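Below: one structure, written as structure tokens.
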There are 2 protein chains.
Amino acid sequence: MKNTQPIPGSREEIISRTPFPASQKIYIPGKIHPVQVAMREISLSGTQIDDKTIENPGVTVYDTSGPYTDTNIKIDIREGLPRLRSPWVEKRGDIETLESFSSDFVNQNQAKTPAALRFPKKPKPYKALPGKNITQLHYARQGIITPEMEYVAIRENQRREAIQNGDSNLRQHPGQAFGAGIPPEGITPEFVRSEIAAGRAIIPNNVNHPESEPMIIGRNFLVKINANIGNSAVTSSMEEEVEKAVWACRWGADTIMDLSTGKNIHETREWVIRNAPVPVGTVPIYQALEKVNGKAENLTWEIFRDTLIEQAEQGVDYFTIHAGVLLRYVPLTAKRVTGIVSRGGSIMAKWCLAHHRENFLYTHFEEICEIMKAYDVAFSLGDGLRPGSIADANDAAQFAELETLGELTQVAWKHDVQVMIEGPGHVPMHLIKENMDKQLKHCHEAPFYTLGPLTTDIAPGYDHITSAIGAAMIGWFGTAMLCYVTPKEHLGLPNKQDVKTGVITYKLAAHAADLAKGHPGAQYRDNALSKARFEFRWNDQFNLSLDPDTAREYHDETLPAEGARIAHFCSMCGPHFCSMKITQEVREYAQSQGLNETQALEQGMQEKAKHFVEQGGEIFQ
Amino acid sequence: MKNTQPIPGSREEIISRTPFPASQKIYIPGKIHPVQVAMREISLSGTQIDDKTIENPGVTVYDTSGPYTDTNIKIDIREGLPRLRSPWVEKRGDIETLESFSSDFVNQNQAKTPAALRFPKKPKPYKALPGKNITQLHYARQGIITPEMEYVAIRENQRREAIQNGDSNLRQHPGQAFGAGIPPEGITPEFVRSEIAAGRAIIPNNVNHPESEPMIIGRNFLVKINANIGNSAVTSSMEEEVEKAVWACRWGADTIMDLSTGKNIHETREWVIRNAPVPVGTVPIYQALEKVNGKAENLTWEIFRDTLIEQAEQGVDYFTIHAGVLLRYVPLTAKRVTGIVSRGGSIMAKWCLAHHRENFLYTHFEEICEIMKAYDVAFSLGDGLRPGSIADANDAAQFAELETLGELTQVAWKHDVQVMIEGPGHVPMHLIKENMDKQLKHCHEAPFYTLGPLTTDIAPGYDHITSAIGAAMIGWFGTAMLCYVTPKEHLGLPNKQDVKTGVITYKLAAHAADLAKGHPGAQYRDNALSKARFEFRWNDQFNLSLDPDTAREYHDETLPAEGARIAHFCSMCGPHFCSMKITQEVREYAQSQGLNETQALEQGMQEKAKHFVEQGGEIFQ
């Protein structure tokens, strides 16, 4: 890989550590708590006008890459990342450190793991003191602004000050938010608290994953993306998984889900969590199924319960739990074109039918809540009956399950456990909004977390794109987090390049949604990049882009010389024929002729120019 | 390239000719005229249930690849394609064959072209007899159904018969069409005629490009896509351009635009047109500018007029003409972040300012119409003031020009000249619909032809995706044709792989729009592919996809063995753990237990099952 900074002879040599070009890591201090919020600042070159250079301010961007892109931080994946949140967690005085793990599986199997695979410095687990509830939702409802809340407020609000300072790059279309929105005073710590208290947002951060930087998932915040990683029975190796996680975060993954299903699941997860700067989610039923040798009918509540505790004490931040797949919904899928395509959904459907009993995840849901709140694990209520094809979109099975997820949301909230809701899948464009509307209604505005949706089935190999269309739209309508899809979806396992393509594709879809919603400051980066493009500041254009390496590489394929990057033309048109060059001349000409708006008015263009002036207030805030 | 069938020693060796897998070219005869409508039929394997094989009907798909994928047709690019439409054109008796070209430029420069570059068999041009109007719009308004109209009716309507035969793959979501829609009786030749007569659709087919297969652009038809090809001053060679055209059509380009700006423009275009099975568009001002050595201020109406005649007699099917860039609109762009980004727009703006006179394309518009109708060249009224960044979207300059385009549409219609309108550009999602609504209103429902729009500026290298999001949405809202964007947009010239990526990306976006609009039969291919996927018919899944080569390649990366392609599992989950496999078991189990909907009702699921039955009528037509 290009983007690595090898430390020869160490395990780190495969870990991507190169900082982004023209970028430096900055840390913004909190005002309430001693937090240091990590961001990335991109430096820009100046604008040349005749002999003068006009400075362009640096652009601060949201940064999910963690300590890996900070050259001042030593990384040793055998140690894991610094335990950023441990002091905050310990300071609250409502947890204890356990001397040993509570899971039978862990205690019975720890010794069996080959030494070479073992994570060397396994931390002892935290757990809530008996009778204590340590969820962010619980604190929020008590009126407490935690360090986590302040962290995400600063993180989401990075460009607010620049807006207030009147930087012209911040002129922005007002956006069209559906339903509740961001208040005029912006994203304050108190706003974060109130959104969490209302159940409209979650901060997934298990106390046992203090390495992660707090982030928030909710529709009044930046749209987030998740990247799935994980090995399988057929391919992939453990150590690559750590780099896959680092790699996904580097390009913009806000959370990762470890969907491993092969051998050594527990130990792989340990390595990933200890080195992940973002929240980690899992689908615990996958591991539970491994424990019964893949036979769904042999699953029991006890095995599942032990798996939840095992993973909660490792530090998994959110669990996908398919508690809405009820026995009576299963026959509703029989006439579908693609039946049940969710792995977790099909496992539970099989279990229900085999035993003629109700889904044990549903019947034991309150007990699950008790576990979740002892570590602050968030629910991601799984959509086990999501449509797997355009034909099956928005059908009775899907919406029946959604109503049950709404019912379970209220049970979880009764326990002050954080909840988000998973959504489809495959949905044609005209049926997307109905998904969002029904989710808001039935699930009481708990954050929605969707896979795509894919807007057509006919393009395997391009499903990152078929789904980015649906993802951008549903993000605009109010979905809080988008689960990425790679080009290999439906075909095979993504490689490193596929993971990057999936992450960048979803990052741009999420950003398109932020623009449409009018998230404060979202358009700043677009404006800065477009201004750089217009002024032929090629390096600035690359550096401001989501993927500077690819932008630079594509440009250099046609015009590789360094000189060309500051040339006042590009390869599309050649040196004699460039629309941007001509426009600059037009602009200069218009100025020299005094053809500004005032004069345009005088020249009899009253109507058009009046229109322009009137629109001004509407177009630019 | 993989997809070529080389004929060693000939120029054809670089031309892609391999038929698509499991596909054959079929020709459907007309009922009114002796037309033979080319389509592609994909054969499927049977569904295995226990020992029985249930046959799956072949799937007919719209095919833009032309004769190149028919192994029965001999291709010689020095001869050009068969002149399919010549008999239809000649039979009407309203044209003459000219003995020589009418353009001064052609007559003065023909001898100067190096012999090696010359197209060997240049046909003599057709032209309307004096006083005759030979446009499809003219015929449509006379109530005449031309062979071209019948051809496109059959082409658009391919799956109508299968729908009427009750094939269950044709159950389809009703769709949400905005405004005028397809009548219940489907796309008949008379419906085609009426849409053209109303100005809501065009068939761009210059009588001098009889090699092209008729296609229709209008919002009550399948959404079409255009691919731009062409050399430039910096790179690219002429012969590659022919293959680039063939290549773009192979993957789904409904029209191509030749945007060449370098040397030998005329001769390159000749090779492309003679070998293009789809309509070819150009921006004549580019060549006119070459004739005045790139100095916009030296352009004259006379030079431009001669260029129009030159290109019309070669067979260009539609001209982008930036007649809406009026002098008084230019200052409206001065405060934009990215000024004027359309090449044609900036050329005309510069000319207007240099001469302090109104755009000569506007002042000579009626004379342009006279030329267009003598060959049936369609207008593509250019949006010279389209926004080049999110910041500049939907501004006064853009909408002022749009109103002028509407005025010019009516002038063109007075001459029975076919018209479509070009649109943006860069637009955030929430401002897209306004573009469509305003276009329909101001341009009297003439077809809209948009570039993207790009929904964010921050992802250079991925602008095929940022724009596919906007393209799918605006296609759904009613845009008739989408101009593709490649991954190299803003960065450099697309190579062959980029062209393919751009075409496939836009094909899937157009198809997503067709699904959302509810175009009859659009969902058939999705259903057939999803059914194949669910039944582990891997080869069928690949063959039904937009890009079978890539789908197969991605699959084989992980599971290369032939056996794996018929295996009942895939690499995502491995042999023991596959949701589709489990679902099949669920389905069998549900059947064996008699857990059908009727029994579900009896078991106390009245409410849910009632919901299911009620939804049935709504979900499936």
Side-chain angles (χ1 to χ4, degrees), chain A residues 176 232-234 294 328 331 334 337-340 343 346 349 353 389-391 396 400 428-430 455-461 469 472 476 491-493 508 511-512 515-516 525-527 529-530 534 545-546 550-551 554-555 558 571 574 576 579 582-583 586 589-590 595 600 605 608 612 615, chain B residues 176 232-234 294 328 331 334 337-340 343 346 349 353 389-391 396 400 428-430 455-461 469 472 476 491-493 508 511-512 515-516 525-527 529-530 534 545-546 550-551 554-555 558 571 574 576 579 582-583 586 589-590 595 600 605 608 612 615:
Chain A
Q176 182 186 354
S232 88
V234 180
R328 65 178 183 271
V337 170
T338 50
I340 300 176
R343 279 192 261 175
S346 54
L353 291 177
S389 57
I390 291 293
M429 280 191 286
H430 67 300
T455 54
T456 166
D457 301 339
I458 68 169
I469 294 168
W476 170 29
L491 297 170
L493 291 174
L508 73 85
H511 186 75
L515 291 180
R525 191 169 178 177
D526 297 76
N527 293 1
L529 191 148
S530 291
F534 188 69
S545 70
L546 288 180
T550 299
Y554 283 0
H555 175 267
T558 317
S571 59
H576 288 299
S579 60
I582 292 174
T583 304
V586 166
Y589 192 94
L595 278 170
M605 294 173 241
K608 292 295 165 204
F612 175 70
Q615 289 255 320
Chain B
Q176 182 186 353
S232 90
V234 180
R328 65 178 184 269
V337 170
T338 50
I340 300 176
R343 279 193 260 173
S346 54
L353 291 177
S389 58
I390 291 294
M429 281 191 286
H430 66 300
T455 53
T456 165
D457 301 338
I458 68 167
I469 294 167
W476 170 29
L491 298 169
L493 291 173
L508 72 85
H511 186 75
L515 291 179
R525 191 171 180 176
D526 297 76
N527 292 2
L529 191 149
S530 291
F534 188 70
S545 69
L546 288 181
T550 298
Y554 283 0
H555 175 266
T558 318
S571 58
H576 289 300
S579 60
I582 293 174
T583 305
V586 166
Y589 193 95
L595 278 170
M605 294 174 241
K608 292 296 165 205
F612 175 68
Q615 289 256 321

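Every value quoted in this text rests on a predicted model; they were computed, and no experiment measured them. Every heavy atom of this structure was used, including side-chain atoms; hydrogens, water molecules and symmetry mates were not. Each chain gets a letter, A, B and so on, in the order its sequence line appears, and its residues count up from 1.
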Point to revise | Between CD1 on residue A:Ile390 and NE2 on residue B:His511, distance to nearest 0.5 Å | key: 8.0 Å
Exercise for review: Mind listing the closest non-hydrogen atom pair of B:Leu508 and A:Ala459 along with its distance?
Suggested key: CD2-CB, 3.9 Å
**Study point:** Separation between CZ of B:Phe534 and CD1 of A:Ile340, rounded to the nearest 0.5 Å
**Key:** 8.5 Å
Exercise for review: Mind listing the closest non-hydrogen atom pair of B:Leu491 and A:Tyr554 along with its distance?
Suggested key: CD1-CB, 3.8 Å
Revision key, fill the gap. Correct closest heavy-atom pair for A:Met429 and B:Ala516 would be CB-CB, 3.9 Å
Review point. Looking at B:Thr550, B:Ile458, B:Leu546, B:Thr455, which makes the most heavy-atom pairs under 4.5 Å with chain A?
Key: B:Ile458
Review point. So, for A:Ser389 and B:Ser530, which heavy atoms are closest and what is the spacing to 0.1 Å?
Key: CB-OG, 3.3 Å
Review point. Looking only at heavy atoms, what is the nearest atom pair of B:His430 and A:Leu515, with distance?
Key: CE1-O, 3.7 Å
Exercise for review: Output yes when a side-chain donor or acceptor of A:Asp526 lies under 3.5 Å from a complementary backbone atom of B:Asp457, and no otherwise.
Suggested key: yes
